[in-house]
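One structure is given below, encoded as structure tokens.
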Amino acid sequence: MRADFLLRNAGELLTLACGPVPRTGAAMRDLGSVPGGAVAAHHGSIVAVGRERDVVATVELDDDATVVDAKGVLVTPGLIDSHTHAVFARTREREFAMRVEGRSYEEIAESGGGIRSSVRAFREASEDELLEVGRSTLTRMLSYGTTTAEIKSGYGLSTESELKALRVIGKLGEEHAVRVVPTFLGAHEFPDEWRDNRDGYVDHIIEEMIPAVSAAGLARFCDVFCEKGVFSVEQSRRVLEAARAAGMEPKLHADELHPFGAAELAGELRARSADHLVCVSDDGVRALAAAGVTAVLLPGTTLSLGKSAYAPARKLIEEGVPVALATDCNPGSSMTESMQIIMSLASMALRMTPAEALAAATVNAAWACGTEDVVGMLEVGKAADLVVWEVDDHRAIPYHYGVNLVRKVVAGGVVVRDRDETLVV
Ligand code: IZC
Ligand code: ZN
């Protein structure tokens, strides 16, 4: 077996390749540990993984192969950020400061700020300007260990501007080392011109936007902000059923700010994921478990909005719901690119064990954004997307928080980030 890439001398290699996908219950703590591990790849795909002597005996290394010495530290799959709004025109730190002084996210949205202020800026921005912001956001994600990111549209809210968003997301995926999964979120908010005719906007999404997005082949998933004051359960159902008929799989922003029956709808529709779930009802939890819908938890948003109640992660795991984590990276309610701080919050605020947090940021996140055939685990045939950490124990990732513990990032068998090279002292 030929190889053009070899990572050797991992103190501990966590493959996550140790069970069915997505992972539920106690299996979320199995990390597929290989002491003294190695990974070999050819043209970006893993051809051998396991104990170093077995890997080295299996492969024939090209003369000019890249060889990475992990020097005895922890190596994991690349992290996967399964819920982001990473393509936007402008940040909204003004609103953040207003929230710190006591205004709520919903009050700010009602008075013309919030998503609608992002929409006004987005519609004016050129594709090149948006690409520039998207590139720097993805590059920051990569430096924190993220090698796959889902990105939603949803700041255009007209056919033309939603297509612009999805074209930018598609271009980022082609040119950037981070793998990108595109999601259509035309049902993110009611734009100014449709505020007095909300059902009319829902019809417009179904009759115009979904067919246009589907014809252009620009989105894998369709998402809806199903929330009090935004899209009702009935409106969300209509949008997601139309999207599914047009070839896009459903996802939902569900029960973030109020118990709203959105998780129940996610179960009914057998959506790929229900995200946020801070206010999910017991019936909603059971509906997710019964339908096998993945809960994507976004504790960075709860922290950033200054709320004290977090999503019921323990209850979700105990009821058998697969749990994933994501940043929700967006200018309004969670301005971070770091899956490491999200893993810290998962342990500190959601009481997820460090092992559960890692499974939720890799294998289950891959499932949540439909990339489980390619990434999320280290096994033959999967992409050689890896993180070489500064630490030798996975528990140190959530424990040592607010700093970047990533030493090297490998995407498709190429070293795309190398802190060792940039250190001057
Ligand atoms: O820009 O505020 N919650 N969507 C749903 C967001 C937050 C993004 C934003
Ligand atoms: Zn979101």
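If you're wondering where the values come from, they're calculated on a predicted model, not measured in any experiment. Order of listing sets the numbers, starting from 1, for every ligand and every atom in it.
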Matching residue for Glu110 among Arg103, Arg116, Arg195 - test: salt bridge (Lys or Arg N to Asp or Glu O under 4.0 Å): Arg195
Polar atom proximity, Asp328 to ligand 1 (N or O, under 3.5 Å): no
I need the atoms of ligand 1 closer than 4.0 Å to a non-hydrogen atom of Phe225, numbered in the order shown. 3 (N), 5 (C)
Under 4.0 Å, counting heavy atoms only: does Ser333 come that close to any atom of ligand 1? yes
SG (Cys329) and NZ (Lys152) are apart, to the nearest 0.5 Å, by 12.0 Å
Relative to the heavy atoms of His188, which atoms of ligand 1 are at a distance of less than 4.0 Å? 4 (N), 5 (C), 6 (C), 8 (C)
Heteroatom N/O/S of Asp275 within less than 2.8 Å of the Zn ion (ligand 2): no
With the Zn ion (ligand 2) as the apex, the OD1/NE2 angle for Asp328 and His253 - to 10°: 170°
Can you spot which of Arg314, Arg23, Arg351, Arg395 makes a salt bridge (Lys or Arg N to Asp or Glu O under 4.0 Å) with Glu356? Arg314
Check each atom of ligand 1 against the heavy atoms of Ile115 and keep those under 4.0 Å away; list them by number with element. 1 (O), 2 (O), 4 (N), 9 (C)
Tyr155/His188 aromatic ring centres below 6.0 Å: yes
Which protein non-hydrogen atom lies closest to atom 2 (O) of ligand 1, naming both residue and atom, and how far is it? Tyr105 OH, 2.5 Å
Is the backbone N or O of Gly300 less than 3.5 Å from a side-chain atom of Asp328, with the two atoms forming a donor-acceptor pair by type? no
When every non-hydrogen atom of Arg99 is compared with those of Gly332, the smallest separation belongs to NH1-O, 3.1 Å
His253 N/O to ligand 1 N/O under 3.5 Å: no
Please state whether the rings of Trp194 and Tyr201 are parallel, tilted or perpendicular, taking 30° and 60° as the class boundaries. tilted
Considering distance alone, does some N or O of Arg92 sit under 3.5 Å from an N or O of ligand 1? yes
Does an N or O anywhere in Tyr155 fall below 3.5 Å from an N or O of ligand 1? yes
Please report which non-hydrogen protein atom sits nearest to atom 9 (C) of ligand 1, along with the residue it belongs to and the distance in Å to one decimal place. Asn330 OD1, 3.3 Å
I want to check a possible cation-pi pair here: Lys228 against Phe260, using under 6.0 Å from ring centre and within 45° of the ring axis as the test. no
Sub-4.5 Å side-chain heavy-atom contact between Val224 and Leu240: yes
Take the Zn ion (ligand 2) as the vertex and measure to NE2 of His83 and NE2 of His85; round to 10°. 110°
